[in-house]
Protein chains: 2
Amino acid sequence: MTTRPLNATAASLLGFLHDGPMTGWDLVVAAEKRIGGFWSLTQSQVYRELTAMAAAGLVEAGERGRRDRKPYAITDAGRSAFAQWAAREPGHEVIRFPLLLSVMFGKHVPAERLADFVAVHRDRHADRLADYEGRRASPWDGAPEDEPYARATLEFGLAYERAVLAWFDALPRSIADPTPA
Amino acid sequence: MTTRPLNATAASLLGFLHDGPMTGWDLVVAAEKRIGGFWSLTQSQVYRELTAMAAAGLVEAGERGRRDRKPYAITDAGRSAFAQWAAREPGHEVIRFPLLLSVMFGKHVPAERLADFVAVHRDRHADRLADYEGRRASPWDGAPEDEPYARATLEFGLAYERAVLAWFDALPRSIADPTPA
DNA sequence: TGGTACATGTAACATGTTACATGATTAG
DNA sequence: CTAATCATGTAACATGTTACATGTACCA
């Protein structure tokens, strides 16, 4: 079968499945909460990857449970595919930040509009920062061996959101507040 | 024709073309330099978008020049499509940082390997930071009205890379340096 | 005269997005 | 009893990636 190497999205699903069977829904929720800050995926992808991985023998569907829940369990082939993925050097990060395109091409964007965009996004980031700070303050509830790793990723989120917020706050008035009351 | 709204990649090409005709190659280089820190695109996409935009009447190809250069100029329709794009609220940013997946699933990654990955990526980020710092120190060479906007995006890059670097440096030894000499 | 940077482009495929369709269960 | 949330899934399409093919001009 010599399946081609896993993509990072599929790999992350297998990563979660190492801790026990989960349904597509569980995975969507877990991914959003645990890796959502630095890896985006959609519900649609999750189901697609699960179907594909089931076909490739990397996961196995179990009996449907209540509410039609369909749990998937990782197989030995899945563990081995994951291990291969984990041994390869991760690629560089990809960032797509459309607001910064608006800023970059700011001379073509109505000043008020741009300032609104900036304000809206600043708020969102403030919310995310607050969320991360809340999480850091709450007691750890996962498996003990995960603690340092999950903490490190959380610290990344915190560092990122703080930096972004500081950046917003250091924007010149010509961009952030061009029409003072 | 009521073309569907521009995607951000196409919009950014039009953004550049506001300052005069450019070839696909020029755009690839400009994009890498000017928005590469927060918007990724490939050479292949650039040519595809240009072809599509030419078909949609948003840009017009000029005469081929030396070395087969094929300059594209923005049209009025292109300017108008860009303006519409610029008026819509930009979406949230997307980050995909595979190294953080390796960290998150760290308990399944051989410790030495993980530390290597971390070291490699730390270096890359240090290089990028140095690059940004160099740029900030060099005299501004673009159009004067672009200065504040380009500066703001550069400041974002600086803030981001500094935060990332600080994050690397604050990683626990269990992750960054598990087998001390 | 040979390597590097310039320059355009296509093909095939993988991945990501959006929208829809369907139904079960729970909480108020 | 009804709205919200849970839950699965598909279809269609847009976007992104990788690999290749082709050739020009510069410069050491």
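What you see is a predicted model; the values in this text were computed from it and never measured. The sequence lines fix the lettering, A, B, ..., with proteins before strands; numbering per chain opens at 1.
Out of dT15(D), dT17(D), dG16(C), the shortest distance to the side chain of Asn7(B) is found at dT15(D). Each of dG9(D), dG9(C), dC6(D) was ranked by its minimum atom distance to the side chain of Lys70(B); first place goes to dG9(C). Taking every side-chain heavy atom of Tyr47(B) into account, dA7(C) is the closest of dT17(D), dA7(C), dG16(D). In this structure, of dT26(C), dG9(C), dT17(C), it is dT26(C) that holds the atom nearest to the side chain of Arg66(A). Listed nucleotides dG9(C), dT17(C), dT8(D) differ in distance to Thr42(A); the shortest reach to its side chain belongs to dT17(C).
Aromatic pair Phe168(A)/His121(A): centroids not less than 6.0 angstrom apart.
Look at Thr51(B) and you won't find any side-chain N or O under 4.0 angstrom from OP1 or OP2 of dG9(C). An OP1 or OP2 oxygen of dG9(C) is reached within less than 4.0 angstrom by a side-chain nitrogen or oxygen of Arg64(B). The phosphate of dG16(C) has neither OP1 nor OP2 within less than 4.0 Å of any side-chain N or O from Arg96(A). OP1 and OP2 of dG16(C) both lie 4.0 Å or more from every side-chain N or O belonging to Ser40(A). Contact between the side-chain N/O atoms of Gln45(B) and the OP1/OP2 oxygens of dG16(D) is found at a separation under 4.0 Å. Remark: Thr9(A) is in phosphate contact with dG16(C), judged by side-chain N or O atoms under 4.0 Å from OP1 or OP2. Here Arg69(A) does not reach the OP1 or OP2 of dG9(D): none of its side-chain N or O atoms lies under 4.0 Å away.
Residues Asp26(B) and Ser44(A) each lie close to DNA chain C; by heavy-atom proximity, the contact nearer the 5' end of the strand is made by Asp26(B).
Interface remark: the Arg48(A) side chain does form a donor-acceptor pair with the dG16(C) base, using a distance-only criterion of under 3.5 Å.
In this structure, the side chains of Thr23(A) and Val28(A) stay at 4.5 Å or more apart for every pair of heavy atoms. Contact check for Arg34(B) versus Asp146(B): side-chain heavy atoms found under the 4.5 Å cut-off.
Below 30°, between 30° and 60°, or above 60°: for Phe156(B) and Tyr160(B) the angle between ring planes is below 30°, a parallel geometry.
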